[in-house]
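First up is the structure itself, then whatever we jot down about it.
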Protein chains: 2
Amino acid sequence: MPRYLQVRDDLLQRIALRSWAADEALPSEDKLAAEYGIAVGTMRKVLDALVTDGVVDRVRGRGTFVARAAERSSMLRFVRMHGKAKNRLPTARIRSMTTAIPPAEVAGKLKLKPRDKALYLHRIRSFDDEIVLSEHIWLPLARFRKLQKYLKSNSPPSLYPIYETECDVLVSRAIDDLTAKPLNRANAAVFKLQTKTMAICVERLMLDHAGEPVEWRTSFVPAERFQYSAEIR
Amino acid sequence: MPRYLQVRDDLLQRIALRSWAADEALPSEDKLAAEYGIAVGTMRKVLDALVTDGVVDRVRGRGTFVARAAERSSMLRFVRMHGKAKNRLPTARIRSMTTAIPPAEVAGKLKLKPRDKALYLHRIRSFDDEIVLSEHIWLPLARFRKLQKYLKSNSPPSLYPIYETECDVLVSRAIDDLTAKPLNRANAAVFKLQTKTMAICVERLMLDHAGEPVEWRTSFVPAERFQYSAEIR
DNA sequence: CAGTGGTCTAGACCACATG
DNA sequence: ATGTGGTCTAGACCACTGT
């Protein structure tokens with residue numbers, strides 16, 4: 001295995017361990033190169049690889065910083081905004097929060113042991129009275145106990161920054177799986193729509209920089225509100 | 001503008017002009033560097049950029065080759081295969097082919113002048129008797145006259161290789177836009193489904209290596225057959 | 001074997017941000 | 001003025017592919 005990949009993986013580990021805060025620069029390429037005993041050119045190759053993987057951002061004159069996945073991965077990128085909703089963010093509300101042993105499928109995705117508990121959230125996002133997104137969120141309780149306390153007295157517009165500040169969990173990567181399904185009775189009731197109304201179901205697994213699963217989320221968007229863009233090269 | 005970007009853009013032009021065939025290697029990095037009067041290290045940076053943009057593939061010991069977008073961008077990646085359909089490719093059939101002045105919206109996407117004609121294809125893909133994909137394809141007639149002749153006596157499983165061999169058009173990049181829509185009467189009839197059955201509509205614009213629009217395609221997948229995966233970093 | 005790309009080095013100079 | 005990343009050079013050695 002080439003040196004630059006070894007060094008990349010080591011840096012990835014240190015980033016996963018949250019060695020640097022959001023506003024704190026990593027050591028400069030010179031210092032890192034000296035530390036690892038490699039040439040600066042090789043260190044640049046390591047950092048370039050981390051940039052293309054979306055793990056760090058580099059700013060000339062300032063330094064190298066750990067990237068946050070939050071902005072890129074909002075579920076709202078699946079929601080078509082029309083009319084007055086444009087240029088506005090929907091409100092977020094948590095409708096229920098419990099701890100439980102999750103279904104086997106969820107436990108598998110989160111790599112939980114058979115009797116490990118998880119924190120479950122049901123959260124909706126809406127414009128005025130129109131609900132546009134319903135989300136069922138499962139989090140390993142071991143890492144998210146503080147979140148539970150926090151959410152009892154707060155209702156933040158976005159969760160990922162809270163994962164980081166409260167629970168020291170930094171989300172790096174998301175894997176989305178999209179299908180179309182008719183709404184079951186419970187989900188239809190959330191949207192005040194008829195049962196079997198078609199919706200897009202987004203199943204998302206979130207991973208940290210070490211590749212450990214952090215969150216499993218099943219989201220529903222009524223089909224009429226669904227929109228998604230992608231570029232393939 | 002840095003030298004390596006200038007050289008990259010120049011190479012991009014030459015690739016767009018189809019200077020190298022599918023199985024023909026570009027000149028080696030040494031030769032290209034000499035040709036452009038830059039260092040080999042800089043030429044490597046150019047080629048690395050083209051690799052991450054998906055424009056070329058490099059194979060150690062063999063050379064650098066122009067990449068084909070065809071494999072990555074098949075519409076079938078939106079279609080869920082179940083049961084017997086797995087491990088099989090659906091058949092393709094062209095149900096109609098005409099030349100016409102396209103609707104203003106399509107002409108705009110293809111950057112056609114007001115009275116430019118286009119080649120229109122309606123094509124379906126199916127497993128046995130089950131139709132899984134219906135596609136409405138618009139191509140600038142100026143570049144695709146030979147395709148029209150070709151399709152009168154051939155029914156190829158995939159179109160992009162034909163664009164290249166018959167019309168000298170190499171597809172580089174696709175932009176997809178996904179929404180959910182109820183089928184109108186004509187499209188529902190194609191699938192032998194009821195009008196207003198929900199379907200996923202994929203609008204795709206294909207571009208060549210020069211960034212010129214090459215194809216506009218509107219495809220429908222019945223919602224039950226739709227599936228799509230993406231990774232966000 | 002010659003030719004290709006993959007890794008790695010050890011410098012140079014520049015543009016930009018911050019104090 | 002200092003330190004950061006961005007560009008560019010001119011080599012070296014290695015691994016792999018083809019003849």
Side-chain angles (χ1 to χ4, degrees), chain A residues 1-15 19-68 71-72 172 209 233, chain B residues 1-15 19-68 71-72 172 209 233:
Chain A
M1 202 188 207
R3 303 277 283 117
Y4 85 96
L5 288 180
Q6 297 172 28
V7 173
R8 183 201 60 175
D9 290 348
D10 187 83
L11 261 182
L12 228 32
Q13 283 296 322
R14 292 167 70 182
I15 289 169
S19 306
W20 297 281
D23 53 354
E24 183 188 6
L26 272 63
S28 67
E29 20 178 69
D30 298 20
K31 296 202 185 87
L32 283 171
E35 184 184 330
Y36 283 108
I38 60 176
V40 183
T42 306
M43 196 64 225
R44 287 197 66 79
K45 188 160 183 173
V46 172
L47 293 168
D48 286 350
L50 292 175
V51 168
T52 53
D53 285 353
V55 175
V56 301
D57 293 323
R58 313 193 75 192
V59 188
R60 171 155 53 184
R62 304 219 310 113
T64 303
F65 302 85
V66 177
R68 267 63 190 163
E71 304 83 34
R72 293 190 298 283
S172 159
H209 281 301
R233 316 211 259 188
Chain B
M1 201 187 206
R3 302 279 282 117
Y4 84 96
L5 289 180
Q6 296 172 29
V7 173
R8 182 201 61 176
D9 289 348
D10 187 83
L11 261 182
L12 228 32
Q13 282 297 323
R14 292 166 70 182
I15 290 170
S19 306
W20 297 282
D23 55 352
E24 183 188 5
L26 272 63
S28 67
E29 22 178 67
D30 298 21
K31 296 202 184 87
L32 282 172
E35 184 185 331
Y36 283 108
I38 60 177
V40 183
T42 306
M43 196 64 225
R44 285 197 67 79
K45 188 160 184 173
V46 171
L47 293 168
D48 287 349
L50 291 176
V51 167
T52 54
D53 285 353
V55 175
V56 300
D57 293 323
R58 312 194 74 192
V59 187
R60 170 154 54 182
R62 305 220 307 116
T64 303
F65 302 85
V66 177
R68 267 63 190 164
E71 306 82 35
R72 294 191 298 283
S172 160
H209 282 299
R233 320 210 255 188

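Nothing here was measured: the structure is a model prediction, and the numbers come from that model.
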query = If pairs are Watson-Crick or G-U with both distances under 3.5 Å, what is the dot-bracket string of DNA chain C, marking crossing pairs with [ ] and pairs to another strand with |?
reply = ||||||||||||||||||.
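The existence of a salt bridge linking B:Arg14 and B:Glu35 is confirmed by a sub-4.0 Å separation between a basic side-chain nitrogen and an acidic carboxylate oxygen. The pair A:Arg60-A:Glu29 fails the salt-bridge criterion, with no side-chain N (NZ, NE, NH1 or NH2) lying under 4.0 Å from an Asp/Glu carboxylate O.
Here the shortest heavy-atom pairing between A:Asp23 and A:Phe65 reads O-CE2, 3.9 Å. Across A:Gly63 and A:Ala25, no two heavy atoms sit closer than the pair CA-CB, 4.4 Å. Residues B:Met43 and B:Tyr36 approach most closely at SD-CD1, 4.3 Å, considering heavy atoms. Shortest non-hydrogen contact noted between B:Gly37 and B:Arg3 is O-NH2, 4.1 Å.
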task = Using a 4.0 Å heavy-atom cut-off, write out nucleotides 8-19 of chain D from 5' to 3' as B (base contacted by protein), S (sugar-phosphate only) or - (no contact).
result = SB-----BBBS-
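Applying the 4.0 Å criterion to OP1 and OP2 of D:dG3, one finds that A:Lys31 has every side-chain N and O outside that range. Between B:Ser28 and C:dT4, a side-chain N or O to OP1/OP2 separation shorter than 4.0 Å is present. For the pair B:Thr64 and C:dT4, the criterion of a side-chain N or O lying under 4.0 Å from OP1 or OP2 is not met.
A:Tyr4 contributes atom OH, which lies 14.0 Å from atom CG of A:Leu11 (distance to the nearest 0.5 angstrom).
Between B:Asp30 atom CG and C:dG3 atom P there is a gap of 10 Å when expressed in whole angstrom units. Across the protein-nucleic acid pair, B:Asp48 atom CG and D:dT7 atom C1' stand 14 Å apart, rounded to whole Å. As rounded to whole Å, 11 Å separates atom C1' of D:dG3 from atom CD of A:Glu29.
In this structure the side chain of A:Val66 reaches within 4.5 angstrom of the side chain of A:Leu26, judged on heavy atoms.
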